[in-house]
Each structure stands twice: as C-alpha cells, then as structure tokens.
Amino acid sequence: MSTFGGLNTAYTGLVAARQGLNVVGQNIANANTDGYTRQRVSTSALGATASTGVFSQGARVGEGVAMVGIERLASTQLDSRVRATAATAGYTAVRANAFASVEDSLNEPGENGISAKLDEFWAGWQTVSNGTDTAAPAALLLGTAGELVTQISEGYRAVSTEWTSVRTDLNNMVSELNGAATQVAALNVQIRQSLATGGTANELLDQRNSLTTTIAALTGATVTEQADGTVNVLVGGNALVSGETAHQLDVTGARVMQDNVSVQLEWRGSARTPVSIDGGEIAGALSLLGPASQDTLATGGALAEAADAYNSFAEDLAKKVNDIYETGFTQAHNDGQVFFAVASGAPTAQALSIVPKASADMAVRASRDSGAYDSTIADAIAQLGAGFAPDGNVIVSPSTVWSDFVTKTGVLTQSELQSAALASSTSSGAANQQLANSSVDLDEENVNLLMFQHAYQGAARMMTAVDEMLDTLINRTGLVGR
C-alpha cells in the first residue's frame with residue numbers, strides 16, 4: 001500500500017466511526033420513543049487491491065473499512081407473536097368488559113337486585129293473604145310490584161345501552177382500522193422507494209410495524225413481507241393492504257338492539273362482500289352484537305341473549321301470576337282480571353305494568369261468595385315463590401328462572417374475565433420480549449459511544465501521522481548534504 005493509501009484507510013475509519021456516533025446519538029435520542037427499534041452500523045473490511053505487474057509481490061494490507069448499512073435490530077418472529085397475542089387479547093377484552101358491565105347492572109347479590117325485590121314481592125302476597133280486609137298490605141304489595149317492574153325495565157335498558165355502546169365502539173374501531181390501512185399503504189410506497197435508491201427506512205419500518213400491530217389487535221390480521229420491502233396485510237385471508245393499495249371496510253346491519261338483525265362488516269364497494277374476521281377487538285364486538293338465537297342449540301349475540309333473558313323472565317313472571325290472579329274476584333265481584341299488563345309494540349321487559357291501583361281493585365277472592373278473609377288467591381300466588389302451583393305440584397318458580405340467569409351471567413363473566421386476564425398476560429409477555437430485543441439500552445449505548453469516540457480519535461491520529469510522513473517525504477527528500 002502506498003503512503004497515500006494509508007491516508008485513505010484512515011479516512012474510511014473516520015467516516016465509519018462518525019456514522020457509528022450518529023447512530024448511537026439517534027438511539028439515545030429515541031430511548032423513550034414508543035415503537036422505536038434500536039439501530040446499529042453494519043461495517044465490513046475492505047480488502048487489498050489486486051496485485052498486478054511483474055514486480056508486485058508480497059503480502060498486502062487491506063484498504064480500510066466500508067459502512068454496509070444501518071441495521072434495524074428487530075425480530076420478525078417476535079413481531080408476529082406480538083400481533084397474534086394482541087388479537088386474542090383484544091377479542092377477550094371487549095367481551096369481558098361487556099359481560100362485566102351487564103353483571104354490574106344486575107346488582108346481584110344485594111338488596112338492590114331483582115332477587116331481593118322478588119322475595120319482597122312474594123312476601124307481600126303472603127301478607128295480603130293474612131289480612132285481605134285491610135288496605136295497607138295491598139298498598140304495600142302494589143308498591144313493591146311497581147318497584148319490581150321498574151327494576152326489570154331498568155335491567156333491560158342497561159343491556160340495551162351496553163349494546164349501543166359496543167355498536168358505537170365498533171364504528172370507531174372500523175374507522176381506526178381504515179385509517180391505519182391507508183397509512184400502511186402510504187408507508188409501503190415510501191419504504192419501497194427508499195430501499196430502491198439504496199437508502200434506509202428504519203424509522204418508516206417502525207411506524208409501519210406499530211400500525212400493523214394495531215390492525216392485528218383490531219382484526220387478527222396476518223402480515224406477509226414482500227421482496228421489495230412492502231407488506232401485505234390479510235384479514236380473513238383477503239387483502240386489506242396490498243402494496244400501495246388499501247381497501248376500506250364498512251359496518252352494516254342493526255343500529256339498535258331491537259332491530260334484531262345481524263351486524264357485520266363489508267368490503268366497501270359495489271359488491272358489498274361480507275368480511276370474515278378471525279379475531280381481535282372487532283370480532284369480539286361482532287360476537288356481542290348478533291341477534292338472539294332462535295335455536296336453543298345455537299349461540300346468538302351475547303347482549304341480545306341477555307336482553308332476551310330479561311324478556312323471558314318478565315313473560316314467565318306475568319303469565320304465572322296472571323294465570324292464578326285471573327281466577328280471583330275483586331270486591332265488586334269482577335273476575336278475569338290480570339295483575340300484570342303487557343303493552344304491545346315494546347319488549348316484554350319494558351312493557352310490564354301493574355293493573356290494579358288500589359286494594360279495592362285486587363282480585364284476591366276465590367269466589368264471589370267468599371268472605372273478606374278469603375286468602376286463597378293471594379296465598380297461591382305467594383307459593384309461586386317457593387315453586388308450587390295452586391294444585392300443589394312443583395313448578396319452576398320465576399325466582400328460579402331469574403336465579404338461573406344471574407348464575408349463568410356470573411359464570412360467563414368470570415370465564416371471560418379469566419380468559420381476558422390470561423390473554424393480556426400472554427400479550428404483555430410477548431410485548432416485553434419484543435422490547436427486550438429491540439428497545440434502547442442506555443448502558444450499551446454509552447459503551448458504544450466510548451468505542452466509536454476512541455475509534456474516531458484513533459483514525460484521526462493515524463491521519464495526522466500519515467500527513468506528517470507525507471510532509472517529510474515531499475518537503476525534506478533531497479535536502480541531506482546541501
């Protein structure tokens with residue numbers, strides 16, 4: 001190598017060390033930036049030039065160092081695992097939150113729950129049966145019955161409100177999904193152009209990775225990398241993002257729970273093809289928003305099923321009480337009366353009302369000729385709470401129907417909460433592994449900073465030494481002996 005070749009070797013060392021310092025500075029500056037992946041300078045040694053000529057011989061030293069590129073220290077495997085676990089966590093979290101909200105609205109067990117009010121309702125009938133000639137027990141019963149009807153209506157309304165809330169959240173999630181897909185397509189274009197011109201796109205890759213993780217959490221999407229640096233994002237096996245093209249989704253179907261039709265996603269366009277969602281928050285929301293199943297072996301939307309349970313309970317309560325009450329007579333000797341009225345055009349749980357307004361309107365006598373102390377009808381209704389029909393046969397009490405619904409809701413809620421906790425733990429573990437691999441370690445960066453600093457100083461000192469050698473060679477050669 002010539003003397004001038006040594007100067008070039010020192011220069012390449014200066015360039016590599018300077019780039020190393022720049023990358024370390026970038027890492028330190030973004031140590032707290034969410035989604036940033038640490039970077040490293042990739043270098044390789046430059047070999048000696050080929051020997052040519054008759055007098056070229058002997059060992060030849062290399063010509064310095066070349067900066068190959070700036071590597072992004074990410075793991076494709078860990079990124080894929082984060083997306084997969086985020087999808088599961090998103091699905092279970094949406095369902096767990098909805099079930100927890102429904103369970104909270106039940107107020108069970110407790111004095112504000114329907115179970116406690118049912119007990120008071122049956123006890124009120126028993127009190128009436130023990131004192132049918134007084135107005136106070138009947139008035140107390142009518143007040144309790146009114147509170148029970150109100151609680152049933154409010155419970156149904158709480159489920160309906162939760163359905164509306166989830167439906168609104170679904171619209172927002174789809175809007176977020178469409179926005180993320182559009183951004184990924186735009187980043188695909190920028191990344192492809194940057195890589196094609198020999199540049200780096202590490203920061204753009206970080207942004208795209210964060211967006212694809214969001215899309216996966218929403219839909220359970222899978223991501224496939226292409227040779228040109230772009231990615232395709234697949235939802236249900238179909239492309240949401242393909243290169244520079246992003247497809248859009250729309251929510252269709254019921255806007256209120258009472259519409260009793262399916263809520264679904266469709267590809268935007270003339271075909272309006274339904275979208276199959278494999279997982280994620282959107283799939284969790286859709287599983288909650290379906291209509292109630294008409295088949296006892298099938299599973300409908302969880303919230304509609306809960307609302308349907310309120311309607312079934314209200315219908316069962318009204319029917320069993322009215323079947324007995326209709327056989328009774330009022331003080332005016334009227335029979336065929338009903339205690340619960342069910343208005344048309346509304347869900348049963350919200351259509352219940354109390355027909356009698358005062359003790360004189362109560363049809364609690366077994367016959368027109370029975371005396372004031374006849375307790376047959378009131379006692380028979382009171383026995384419904386214990387599960388006995390007027391003929392003494394055992395039946396399913398409305399209290400049991402309600403208790404079964406509360407138990408089922410509690411079991412489903414706990415199951416969803418446990419699943420959500422497990423999925424969240426798994427997702428957090430995957431995210432922590434990803435961070436351990438890709439996040440900035442300030443101790444490591446400080447060591448690299450010192451290493452590149454000393455390398456830069458060494459290369460600069462070498463350049464100074466070569467410069468001094470050249471000065472001697474050029475300015476002092478031939479001066480000896482003058």
Side-chain angles (χ1 to χ4, degrees), residues 33-39 42 68-88 90-91 170-252 264-283 286 430-431 434 437-438:
T33 301
D34 187 31
Y36 178 78
T37 301
R38 62 194 175 108
Q39 303 175 19
S42 176
V68 178
I70 301 175
E71 296 181 354
R72 177 174 174 268
L73 302 181
S75 169
T76 302
Q77 180 181 9
L78 291 177
D79 291 345
S80 297
R81 185 164 181 261
V82 167
R83 287 192 291 266
T85 55
T88 303
Y91 178 85
L170 177 61
N171 289 338
N172 295 334
M173 285 187 280
V174 172
S175 296
E176 181 182 5
L177 174 64
N178 289 335
T182 301
Q183 293 180 64
V184 169
L187 287 169
N188 273 343
V189 174
Q190 297 179 54
I191 291 169
R192 182 175 58 197
Q193 293 175 346
S194 179
L195 296 179
T197 57
T200 59
N202 292 338
E203 286 72 23
L204 296 176
L205 290 170
D206 287 341
Q207 295 177 39
R208 189 178 67 184
N209 187 67
S210 178
L211 288 169
T212 54
T213 299
T214 297
I215 292 174
L218 290 171
T219 64
T222 57
V223 178
T224 58
E225 297 185 1
Q226 307 302 307
D228 60 356
T230 62
V231 296
N232 292 340
V233 182
L234 306 179
V235 175
N238 296 308
L240 177 67
V241 178
S242 178
E244 61 186 29
T245 303
H247 300 281
Q248 303 289 289
L249 303 179
D250 291 320
V251 184
T252 61
Q264 64 180 15
L265 292 187
E266 294 180 350
W267 295 105
R268 184 178 297 174
S270 58
R272 310 299 296 180
T273 307
V275 183
S276 175
I277 300 294
D278 298 330
E281 296 177 16
I282 291 179
L286 289 173
Q434 183 191 52
N437 175 74
S438 63

Novice: Apply side chain to side chain donor-acceptor pair (under 3.5 Å) to Gln190 and list each qualifying residue two or more places apart in sequence or on a separate chain.
Specialist: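 Partners of Gln190 under the side chain to side chain donor-acceptor pair (under 3.5 Å) test: none.
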Novice: Look only at the side chain of Arg38 and the backbone of Ala74, and say whether a donor-acceptor pair between them is shorter than 3.5 Å.
Specialist: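 Side chain of Arg38 to backbone of Ala74, a donor-acceptor pair under 3.5 Å: no, none is there.
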Novice: Going by atom type alone, with no hydrogens or angles, which donor-acceptor pairs under 3.5 Å involve a side-chain atom of residues 229-242 and a protein atom two or more places apart or on another chain?
Specialist:
| from | atom 1 | to | atom 2 | distance (Å) |
| --- | --- | --- | --- | --- |
| Thr230 | OG1 | Asp228 | OD1 | 2.7 |
| Asn232 | OD1 | Gly243 | N | 3.2 |

Novice: Checking Asn172 now: which residues fulfil side-chain contact (heavy atoms from CB on, under 4.5 Å) with it, not counting sequence neighbours?
Specialist: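 Residues passing side-chain contact (heavy atoms from CB on, under 4.5 Å) with Asn172: Thr168, Asp169.
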Novice: Could you pull out the closest heavy-atom pair between Arg268 and Asn178, with the gap in Å?
Specialist: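 Distance-wise, the nearest heavy atoms are NH2-ND2, 3.7 Å.
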Novice: Measuring only between side-chain heavy atoms, which start at C-beta, is Glu266 closer than 4.5 Å to Leu249?
Specialist: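 Glu266 vs Leu249: side chains apart.
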Novice: I'd like to check Leu265 versus Ile282 (side-chain heavy atoms, cut-off strictly below 4.5 Å). Are they in contact?
Specialist: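 SC-SC contact between Leu265 and Ile282 confirmed.
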Novice: Test of understanding: with side-chain contact (heavy atoms from CB on, under 4.5 Å), list the residues that count as partners of Thr245, not counting sequence neighbours.
Specialist: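 For Thr245, the residues satisfying side-chain contact (heavy atoms from CB on, under 4.5 Å) (neighbours in sequence not counted) are His247.
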Novice: Can you pull the salt bridge (charged side-chain N to carboxylate O under 4.0 Å, His left out) pairs that have at least one residue in residues 173-187, sequence neighbours excluded?
Specialist: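 Residue pairs passing salt bridge (charged side-chain N to carboxylate O under 4.0 Å, His left out), neighbours aside: none found.
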Novice: Checking Ser194 side chain against Ile191 main chain: does a donor-acceptor pair fall under 3.5 Å?
Specialist: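 Answer holds: no.
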Novice: Under the side chain to side chain donor-acceptor pair (under 3.5 Å) rule, collect the residues that match up with Thr37, sequence neighbours excluded.
Specialist: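 Expected list: Asp206.
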Novice: With Gln39, which residues qualify under side-chain contact (heavy atoms from CB on, under 4.5 Å), at least two apart?
Specialist: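 Gln39 satisfies side-chain contact (heavy atoms from CB on, under 4.5 Å) with Val23, Asn27, Tyr36, Ile70, Asn202, Glu203 only.
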Novice: Where the side chain of Thr85 meets the backbone of Val82, is there a donor-acceptor pair that is under 3.5 Å apart?
Specialist: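 Such a contact is found between Thr85 side chain and Val82 backbone.
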Novice: The criterion is side chain to side chain donor-acceptor pair (under 3.5 Å); which residues satisfy it with Ser80, sequence neighbours excluded?
Specialist: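 Applying side chain to side chain donor-acceptor pair (under 3.5 Å) to Ser80 gives Arg83.
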Novice: With sequence neighbours left out, write down each residue that passes side-chain contact (heavy atoms from CB on, under 4.5 Å) with Glu71, or none if nothing qualifies.
Specialist: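 Here the qualifying residues are Ser42, Leu73.
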Novice: Step by step, would you call Glu281 with Leu170 a side chain to side chain contact (heavy atoms under 4.5 Å, CB included)?
Specialist: CA-CA 8 Å; Glu281 296 177 16; Leu170 177 61; over 6 Å; no
Novice: Scan residues 232-246 for pairs that pass salt bridge (charged side-chain N to carboxylate O under 4.0 Å, His left out), counting only residues two or more places apart or in two chains.
Specialist: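 Counting only pairs at least two positions apart or across chains, the salt bridge (charged side-chain N to carboxylate O under 4.0 Å, His left out) contacts touching residues 232-246 are Arg192-Glu244.
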Novice: Which value, rounded to the nearest 0.5 Å, describes the distance between Gln77 atom CD and Asn437 atom CG?
Specialist: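 Separation between the atoms: 10.0 Å.
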Novice: Name all residues meeting the side chain to side chain donor-acceptor pair (under 3.5 Å) criterion together with Gln183; count only those two or more places apart in sequence or in a different chain, and write none if there are none.
Specialist: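 Once residues adjacent in sequence are excluded, Gln183 has no partner under the side chain to side chain donor-acceptor pair (under 3.5 Å) criterion.
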